[in-house]
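Contents: one structure, followed by commentary.
So that the names make sense, note that chain A is the first sequence line, chain B the second, and so on, each numbered from 1.
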2 protein chains.
Amino acid sequence: MGAAPLHREVERRLVEHDVRYTRGRRAVVDALADSPGPRSAAELVVTMDDPVPLSSLYRTLSVLEESDVVVPHLATKGIARYELAEWLTGHHHHFICTSCGAVEDIELTPTDEEAVDSLVDRIAERAGYVPTNHELEIAGLCKECA
Amino acid sequence: MGAAPLHREVERRLVEHDVRYTRGRRAVVDALADSPGPRSAAELVVTMDDPVPLSSLYRTLSVLEESDVVVPHLATKGIARYELAEWLTGHHHHFICTSCGAVEDIELTPTDEEAVDSLVDRIAERAGYVPTNHELEIAGLCKECA
DNA sequence: CCTAGAATGAGAATCGTTCTCGTTAACTAT
DNA sequence: ATAGTTAACGAGAACGATTCTCATTCTAGG
Ligand SMILES: [Mn+2]
Ligand SMILES: [Mn+2]
Ligand SMILES: [Zn+2]
Ligand SMILES: [Zn+2]
């Protein structure tokens, strides 16, 4: 999704929740849209042009989370990383480096995603559940750490 | 696995790591073996008969984690919950109820697990990673909440 | 413009977790 | 069993990520 349609979608969602889509909130959405994976508050603050106080950044993230614009990702102990929700970015999975802790998005080929989907359906049904979503996280060594 | 064989396995592993299997460490392993799901330090401390100082409990958990006797499970923001490692309990996946938050183990059939394994290998290789582990979490409504 | 309510920023406070260091318990060799 | 050596423990301080407070600054509407 381009930047303009993204902002339009986000604004519509925030207005529904009676919150304003301010400069600071746009900046966070932009930073997350530019990121190849989930980012923590500390990681975001260095990528953003105008310096943002952490207290404001955390508040912004929790406002965005409340409106389901961003979703927290809890792969690293003691740190919450955020990414745009899948209704904005599309469904994807994650790779987590066991050495340096980096988290990167993995987009599956349609064939692989179908394979995962049908496997998840089969597994869940066998266990007696109705699946609405799934999360596949692959751990290992990233290119840097290999 | 019964309690006695469990302790024998854990002791062997700890001795390999030049670490003693003390009374306090046994108590934590017992508490986790009795738990129907991952438990945080704060949750464990109320479960255990003799009161354990949090500083000791945290140290015990990190010692056990270092020897791969327990693994952290990071489903809740800001809290680490621990469970016995899969070589003690068997490889399994998790189902997470989007309504009540319950986390339940899912054991795959050998066929399904092989399918997941090969899919993970293919996905990771295509993205340029060397996978050492994977985690598949299925979200949906549990039997209670359906 | 004015004004009321919302958002922001600086810093204090909180909370889970880790660290420090003096004391205690566990293994080893006698 | 005893003594010596070292690892483990416990109490509290310290730490880091996050949240809270509150005074100030924006912003949308009138
Ligand atoms: Mn992602
Ligand atoms: Mn998928
Ligand atoms: Zn890495
Ligand atoms: Zn449920």
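Rounding to whole angstrom units, CG of residue A/Leu57 and C1' of C/dT8 are separated by 12 Å. Atom-to-atom, CD1 of B/Ile79 to P of D/dT18 comes out at 13 Å; the value is rounded to the nearest Å. In this structure, B/Arg25 places its CZ atom 11 Å from P of C/dC27, rounding to the nearest Å. Rounding to whole angstrom units, CD of residue B/Glu66 and P of C/dT18 are separated by 11 Å. The separation between A/Glu65 atom CD and D/dT18 atom C1' is 12 Å, rounded to whole Å. Regarding B/Leu64, its CG atom lies at a distance of 16 Å from the C1' atom of C/dT17, rounded to whole Å. What separates CD of B/Glu11 from C1' of D/dA8 is a distance of 15 Å, to the nearest Å. Nucleotide C/dG16 holds its P atom 11 Å from the CZ atom of B/Arg81, rounded to whole Å.
Residues meeting the side-chain hydrogen bond (donor to acceptor under 3.5 Å, both in side chains) test with A/Lys77, sequence neighbours left out: B/Glu65, B/Tyr82. Partners of B/His7 according to the ring pair (Phe, Tyr, Trp, His ring centres under 6.0 Å) rule, which considers only residues two or more places apart in sequence or in another chain, are B/Tyr21. By the salt bridge (Lys or Arg N to Asp or Glu O under 4.0 Å) test, B/Glu125 pairs with no residue at all, sequence neighbours left out.
For A/Glu9 and A/Arg13, the salt-bridge test fails: no basic side-chain N is under 4.0 Å from an acidic carboxylate O. A salt bridge links B/Arg126 with A/Asp112: the closest approach of a Lys/Arg side-chain nitrogen to an acidic carboxylate oxygen falls below 4.0 angstrom.
Side-chain polar atoms of B/Glu66 and B/His17 form no donor-acceptor pair below 3.5 angstrom.
Atom CG in B/Asp30 sits 12.0 Å away from atom OG1 in B/Thr47 (nearest 0.5 Å).
Across all strands, B/Val19 comes closer than 4.0 Å only to sugar-phosphate atoms, never to a base (heavy-atom distances).
Using a 4.5 Å cut-off between side-chain heavy atoms of Ile, Leu, Val, Met, Phe, Trp and Tyr, with links allowed through other members, B/Val71 and B/Ile79 fall into different hydrophobic clusters.
Residues B/Leu32 and B/Leu44 form a side-chain contact, since some pair of their non-hydrogen atoms from C-beta on lies under 4.5 Å apart.
Between the axis at the start and the axis at the end of the helix from C/dC1-D/dG30 to C/dT30-D/dA1 there is an angle of 30°, using five pairs per end and rounding to 10 degrees.
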Margin query: I need a per-nucleotide contact map over nucleotides 19-30 of chain D, read 5' to 3'. Cutoff is protein heavy atoms under 4.0 Å; write B for the base, S for backbone only, - otherwise.
Written below: BB------S---
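Near DNA chain C, meaning a heavy atom under 4.0 Å away, there are no residues from residues 33-47 of chain A.
Residue A/His94 is tested with A/Arg81, A/Glu135, A/His73 for a side-chain hydrogen bond (donor to acceptor under 3.5 Å, both in side chains); the sole match is A/His73.
The aromatic rings of B/His93 and B/His134 sit parallel to each other, their planes meeting at less than 30°, with 60° as the upper class boundary.
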